[in-house]
There are 2 protein chains.
Amino acid sequence: MIKRFRGESLHKVDAKGRVSVPAAFRRVLEDGDPDFSGSSYPNFVVVYGGVRGNCLEGYTITSITKVDNLISKLPRFSRDREMLERFINTQSTYMQLDETGRIVLSPRLKEIIGIQDEAIFAGMGEKFQIWEPKKYQKEVAELDVSFKSLSENENPFLKLDQLQD
Amino acid sequence: MIKRFRGESLHKVDAKGRVSVPAAFRRVLEDGDPDFSGSSYPNFVVVYGGVRGNCLEGYTITSITKVDNLISKLPRFSRDREMLERFINTQSTYMQLDETGRIVLSPRLKEIIGIQDEAIFAGMGEKFQIWEPKKYQKEVAELDVSFKSLSENENPFLKLDQLQD
DNA sequence: TGCCATCTAATGGGATATCATGGAAATTTA
DNA sequence: TAAATTTCCATGATATCCCATTAGATGGCA
């Protein structure tokens with residue numbers, strides 16, 4: 001059974017930029033790295049580009065590969081493809097967990113999402129996000145509000161049941 | 001035949017947040033975990049997000065996977081998908097029964113549903129709910145009232161038979 | 001039909017392992 | 001060689017595991 005990124009948790013970011021990745025997420029990263037063996041530490045990808053810029057997004061090797069393959073289907077010299085490659089390939093970086101399950105966020109990455117000394121990790125199924133706590137709270141609150149304002153036939157939960165499975 | 005969650009029962013929550021899951025529910029959780037074997041303990045998912053916030057909802061791996069798969073069909077970066085992932089993946093967590101059939105509710109989870117030292121488990125077919133006892137009584141009472149106020153053609157019992165199966 | 005043996009369930013307490021985190025040492029790199 | 005990284009070690013907090021106890025249900029059997 002494929003594990004997905006689930007749950008939220010708050011972690012300290014120390015002076016060197018080190019943060020613990022939630023233990024539950026490590027298991028998912030291990031599963032999602034084809035080259036991972038018990039004796040190594042899993043690799044994965046952090047994307048900082050894209051429309052948002054509010055948060056970082058972490059992908060397992062397996063799931064970023066899916067995205068890469070979709071992009072590769074676009075016409076080679078199309079503007080769409082260039083855009084996506086800029087966001088997903090250019091503005092991203094490989095990372096590796098260290099022995100204690102931490103990664104280091106460079107000053108650049110911290111600056112992009114406005115992080116000081118705390119970060120929130122949020123599971124999003126095939127990926128996870130890293131947020132500055134206050135921004136995250138705001139995001140969740142806004143989502144709740146906009147959810148409540150939806151009409152019945154805009155409700156994404158109800159739309160789900162219309163999909164064939 | 002797929003077992004369903006049925007019945008209600010009251011359980012103590014100890015100082016560590018541990019609660020026994022009703023024995024009948026354990027059987028359903030075992031059946032609903034593809035990785036479960038006699039030598040392990042079943043995994044499942046508890047969702048605490050969504051608009052409700054009054055109770056926790058427990059899903060078997062099989063049934064949450066159905067939901068996850070539907071969500072994965074939505075366009076990867078759509079607002080709908082993001083919303084659903086936030087409610088279903090971010091605001092949820094994997095859990096595993098321990099040797100004695102208990103789970104632990106973190107302080108966070110207890111706080112979300114307002115639980116002190118007792119919890120009510122309520123079977124809901126494909127999922128179950130965990131409630132603070134007083135809130136649960138209130139919910140049940142309210143449901144009775146609003147059911148009685150329905151006109152004949154709003155009666156869900158009567159609508160049932162109009163569905164094709 | 002009353003008694004006892006056995007089993008499962010629910011719950012509590014203590015021991016143990018894992019996790020998150022800080023700091024120092026070693027290594028790289030500019 | 002100074003700065004910055006990475007590796008290694010240390011520690012407290014938390015969560016997990018393991019064992020013990022009790023109550024109730026079940027079933028056998030005289």
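Only a predicted model underlies this, so the values are computations on that prediction, with no experimental measurement involved. The basis for the numbers below is simple: all heavy atoms, side chains too, and nothing from hydrogens, waters or symmetry mates. Order of the sequence lines fixes the chain letters, A, B, ..., with proteins taken first and strands second; residue numbering starts at 1 for each chain.
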Notebook entry, point to check: Which sits closer to the 5' end of DNA chain D, B/S106 or B/Y41, going by the nucleotide each is nearest to?
Noted result: B/S106

Next item on the list: Return the set of residues passing salt bridge (Lys or Arg N to Asp or Glu O under 4.0 Å) with B/K135 (not counting sequence neighbours), or none when no residue passes.
Entry: none

Notebook entry, point to check: Which residues satisfy the salt bridge (Lys or Arg N to Asp or Glu O under 4.0 Å) test with B/E8, sequence neighbours excluded?
Noted result: none

All N/O donor-acceptor pairs, side-chain side in residues 100-107 of chain A, below 3.5 Å, sequence neighbours left out:
residue : atom : partner : partner atom : Å
A/T100  : OG1  : A/D98   : OD1          : 3.1
A/T100  : OG1  : A/R102  : NE           : 3.1
A/S106  : OG   : A/L109  : N            : 3.2

Next item on the list: Tell me, please, which residues at least two apart from A/K12 pass side-chain contact (heavy atoms from CB on, under 4.5 Å).
Entry: A/E118

To the nearest angstrom, how far is [X] atom [atom1] from [N] atom [atom2]?
X	N	atom1	atom2	answer
B/L109	D/dA15	CG	P	11 Å
A/L10	D/dA13	CG	P	18 Å
A/D98	D/dC9	CG	C1'	13 Å
A/R108	D/dT5	CZ	P	14 Å

Check: Taking 5' to 3' order, which nucleotide of DNA chain C is first and which is last to have an atom within less than 4.0 Å of a heavy atom in chain B?
Finding: C/dA9 to C/dG14

Margin query: Taking side-chain hydrogen bond (donor to acceptor under 3.5 Å, both in side chains) as the definition, give me every residue that meets it alongside B/K134, ordered by chain and number, with sequence neighbours left out.
Written below: none

Note to self: Within residues 12-26 of chain B, which residues have any heavy atom lying less than 4.0 Å from an atom of DNA chain D?
What the structure shows: B/K16, B/R18

Item checked: pair B/P42-B/R26: side-chain heavy atoms closer than 4.5 Å -> no

Check: the helix from C/dT1-D/dA30 to C/dA30-D/dT1: angle between its terminal axes, five pairs each, to 10°?
Finding: 30°

Next item on the list: Just jot down the ring pair (Phe, Tyr, Trp, His ring centres under 6.0 Å) partners of B/F44, sequence neighbours excluded, or say none.
Entry: none

Item checked: Contacts of type ring pair (Phe, Tyr, Trp, His ring centres under 6.0 Å), residue B/Y48, not counting sequence neighbours -> none

Run the side-chain donor-acceptor check on residues 75-88 of chain A: report pairs under 3.5 Å with partners two or more places apart or on a different chain.
residue : atom : partner : partner atom : Å
A/S78   : OG   : A/P75   : O            : 2.9
A/S78   : OG   : A/R81   : N            : 3.1
A/R79   : NH1  : A/E82   : OE2          : 2.9
A/R81   : NE   : A/E85   : OE2          : 3.1
A/R81   : NH1  : A/L74   : O            : 3.0

Acceptor/donor pairs from residues 27-34 of chain A side chains to any protein atom, 3.5 angstrom cut, sequence neighbours excluded:
residue : atom : partner : partner atom : Å
A/D33   : OD1  : A/D35   : N            : 2.9
A/D33   : OD2  : A/N43   : N            : 2.8

Item checked: Distance-minimising heavy-atom pair for A/K127 and A/Y59 -> CD-OH, 3.5 Å

